[in-house]
Novice: 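If you scroll down you'll find the structure; I have some questions about it.
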There are 2 protein chains.
Amino acid sequence: MFGVFIGEHENKIDAKGRLSIPADFRRELEDGDPKWEPGKNASMLLVYGDHRRSHVEVMKITDMRDVYTKITRMPRGSIKRRDMERLYFQQALTATVDETGRIVLSARVRDKLGLDGTAMVVGNGSTFEIWKPETYAANDLSNLRDEDGYDPDLDPSVYLPGDDGDV
Amino acid sequence: MFGVFIGEHENKIDAKGRLSIPADFRRELEDGDPKWEPGKNASMLLVYGDHRRSHVEVMKITDMRDVYTKITRMPRGSIKRRDMERLYFQQALTATVDETGRIVLSARVRDKLGLDGTAMVVGNGSTFEIWKPETYAANDLSNLRDEDGYDPDLDPSVYLPGDDGDV
DNA sequence: TTGCTTCCCACAAAGTCCCATGCGATCCCT
DNA sequence: AGGGATCGCATGGGACTTTGTGGGAAGCAA
């Protein structure tokens with residue numbers, strides 16, 4: 001609705017691997033799909049990454065194009081470029097929502113995340129993410145403490161930089 | 001009316017989870033919604049946060065945009081950025097007032113706050129907040145003592161910085 | 001065949017829209 | 001200044017629409 005993905009949705013995954021994309025996320029995906037037009041179904045890019053990633057990141061097509069041009073500007077053959085190519089071109093796949101607003105997650109992806117019956121679909125600004133609910137919950141604070149004075153009991157909004165750019 | 005949300009309103013929540021937004025708050029929200037125009041209904045961002053927050057913070061769209069750009073300027077992957085994303089993109093949702101000036105609070109949010117029949121809608125300057133009335137009353141002064149010399153029995157206005165910018 | 005994928009239909013719960021009422025404040029006319 | 005009409009706001013309820021979900025039939029590959 002505002003050009004961003006916002007909110008948490010816990011949706012089911014059925015035996016065929018189908019997962020409903022929240023309706024407002026669909027609108028956003030349609031918006032970010034150059035080929036989309038009313039009546040058609042939006043496409044997207046699913047980036048699942050390697051073992052370091054325990055979730056799938058879902059990008060709009062337009063954002064994928066941006067990433068593509070950024071990568072092509074990196075030094076050919078450099079380590080960083082190879083890493084980027086691997087992440088966004090190899091450890092990724094495209095998907096299109098069906099008539100009922102769902103995508104199909106292949107068995108490979110479901111296994112990688114450990115998804116069984118449900119998945120968390122979570123907005124994250126310009127992208128959204130797909131998590132196993134337990135993994136998502138566990139990722140909250142437990143393994144994140146103690147980075148330069150980080151206080152897990154403090155309301156995170158205190159870290160928002162003020163208008164004068166301090167903090 | 002003055003670019004800020006001011007005042008306490010105790011409004012009802014019906015069986016469908018509908019809650020009236022005070023009329024002057026609506027004006028303010030319309031003002032802060034770039035897409036709004038006369039005849040249309042204002043949208044807003046509801047930030048409910050995690051277990052540490054016992055209320056919902058309601059922001060104008062323009063303020064959400066500011067937060068968005070601030071977050072995107074933080075180092076990608078840093079813990080603080082991750083926290084901000086979680087608070088403002090994940091533990092949040094968008095809402096639009098309907099023709100009669102109400103928004104719908106989903107069962108999830110109502111449960112989180114323990115809202116049953118009524119809610120306190122409280123202005124707080126550039127944002128406003130939604131509380132369970134009992135929680136709001138209890139949160140007033142009781143748990144705020146002893147923060148660097150804070151005296152709960154003193155009139156809070158003494159903490160207002162003077163014209164010379166001291167305190 | 002057997003397994004997998006895509007398309008189509010069905011349905012209940014949740015969300016949205018539309019219309020109605022009661023009350024208080026405001027405005028207006030005499 | 002009094003009294004009535006009007007307007008705006010909070011609230012309630014019914015009807016309709018959307019969304020998430022389940023399952024079956026038709027295509028396709030091995």
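What you see is a predicted model, and the numbers here were worked out from it, not measured in a lab. In what follows, chains carry the letters A, B, and so on, assigned in the order in which the sequence lines appear, proteins first and then strands, with residues in each chain numbered from 1.
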Novice: For the pair made of CG in N41(B) and P in dC9(D), what is the distance, rounded to whole Å?
Specialist: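 For the pair N41(B) CG and dC9(D) P, the rounded distance is 13 Å.
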
Novice: When the nearest nucleotide of DNA chain C is assigned to S106(B) and to A107(A) on a heavy-atom basis, which residue is associated with the more 5' position?
Specialist: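 Its nearest nucleotide lies further toward 5', so the answer is A107(A).
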
Novice: Regarding R86(B) and the six-membered ring of Y136(A), is the cationic atom NZ or CZ under 6.0 Å from the ring centre and inside 45° of its axis?
Specialist: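 Positive - R86(B) is close enough to the ring of Y136(A) and near enough to its axis.
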
Novice: For residues H9(A) and M120(A), determine if any side-chain heavy atom of one lies less than 4.5 Å from a side-chain heavy atom of the other.
Specialist: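 No. Closest side-chain heavy atoms not under 4.5 Å.
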
Novice: Send over the distance from K16(B) NZ to dA15(D) P, rounded to a whole Å.
Specialist: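 Taking NZ of K16(B) and P of dA15(D), I get 11 Å after rounding.
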
Novice: Exactly one of V121(B), I6(B), V97(B) should register a side-chain contact (heavy atoms from CB on, under 4.5 Å) with F25(B). Which one does?
Specialist: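 Among the candidates, only V121(B) passes.
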
Novice: Looking at every strand, decide which applies to I21(A) at a 4.0 Å heavy-atom threshold: base, sugar-phosphate, or nothing.
Specialist: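 Sugar-phosphate: the residue I21(A), judged by heavy atoms under 4.0 Å, touches backbone atoms but no base.
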
Novice: Can you tell me how far P of dG22(C) sits from NZ of K12(B), to the nearest Å?
Specialist: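 Rounded to whole Å, this separation is 15 Å.
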
Novice: Expressed in angstrom and rounded to an integer, what is the separation of E99(A) atom CD from dA10(C) atom P?
Specialist: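 One finds 15 Å between P of dA10(C) and CD of E99(A), rounded.
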
Novice: Could you give the CD1-to-C1' distance, from I103(B) to dA10(D), as a whole number of Å?
Specialist: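 The distance from CD1 of I103(B) to C1' of dA10(D) comes to 14 Å, rounded to the nearest Å.
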
Novice: Using a heavy-atom cut-off of under 4.0 Å over every strand shown, decide if I13(B) touches base, sugar-phosphate, or nothing.
Specialist: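 Touches nothing.
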
Novice: Counting only side-chain heavy atoms from C-beta out, which of dC9(D), dT11(D), dT21(D) sits nearest to R27(B)?
Specialist: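 Within the option list, the nearest is dC9(D).
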
Novice: Counting the atoms with a prime plus P, OP1 and OP2 as sugar-phosphate, which does R108(B) contact under 4.0 Å by heavy atoms, base, sugar-phosphate, or nothing?
Specialist: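 No contact at all - R108(B) keeps every heavy atom at 4.0 Å or more from the nucleic acid.
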
Novice: Between the base of dG12(D) and the side chain of R102(B), is there a donor-acceptor distance below 3.5 Å?
Specialist: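 Counting by modelled atom types and ignoring angles, a donor-acceptor contact under 3.5 Å is found here.
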
Novice: Figure out the CG/P separation between L105(A) and dC4(C), and round it to whole Å.
Specialist: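 So the two atoms are 16 Å apart, to the nearest Å.
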
Novice: Among the nucleotides dG12(D), dT16(C), dT19(D), which one has an atom lying closest to any side-chain atom of D14(B)?
Specialist: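 In terms of side-chain proximity for D14(B), the closest of dG12(D), dT16(C), dT19(D) is dG12(D).
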
Novice: I'd like to know whether CZ of F89(A) has more than 12 heavy-atom contacts from other residues, nucleotides or ligands below 6.0 angstrom.
Specialist: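 Enclosed.
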
Novice: Between dC9(D), dC19(C), dC9(C), which nucleotide gets closest to the side-chain atoms of A23(B)?
Specialist: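 That would be dC9(D).
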
Novice: What's the CG-P distance between D98(B) and dA14(C), to the nearest Å?
Specialist: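 Going from D98(B) (CG) to dA14(C) (P), I get 19 Å.
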
Novice: Are side-chain heavy atoms of K112(A) and Y48(A) found at a separation under 4.5 Å?
Specialist: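 K112(A) vs Y48(A): side chains touch.
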
Novice: Which residue, V104(A) or T100(A), contacts DNA chain C at a nucleotide closer to its 5' end, judged by nearest heavy atom?
Specialist: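 Counting from the 5' end, the first nearest nucleotide belongs to V104(A).
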
Novice: R18(B) CZ to dG13(D) P: how many Å, rounded?
Specialist: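 Going from R18(B) (CZ) to dG13(D) (P), I get 9 Å.
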
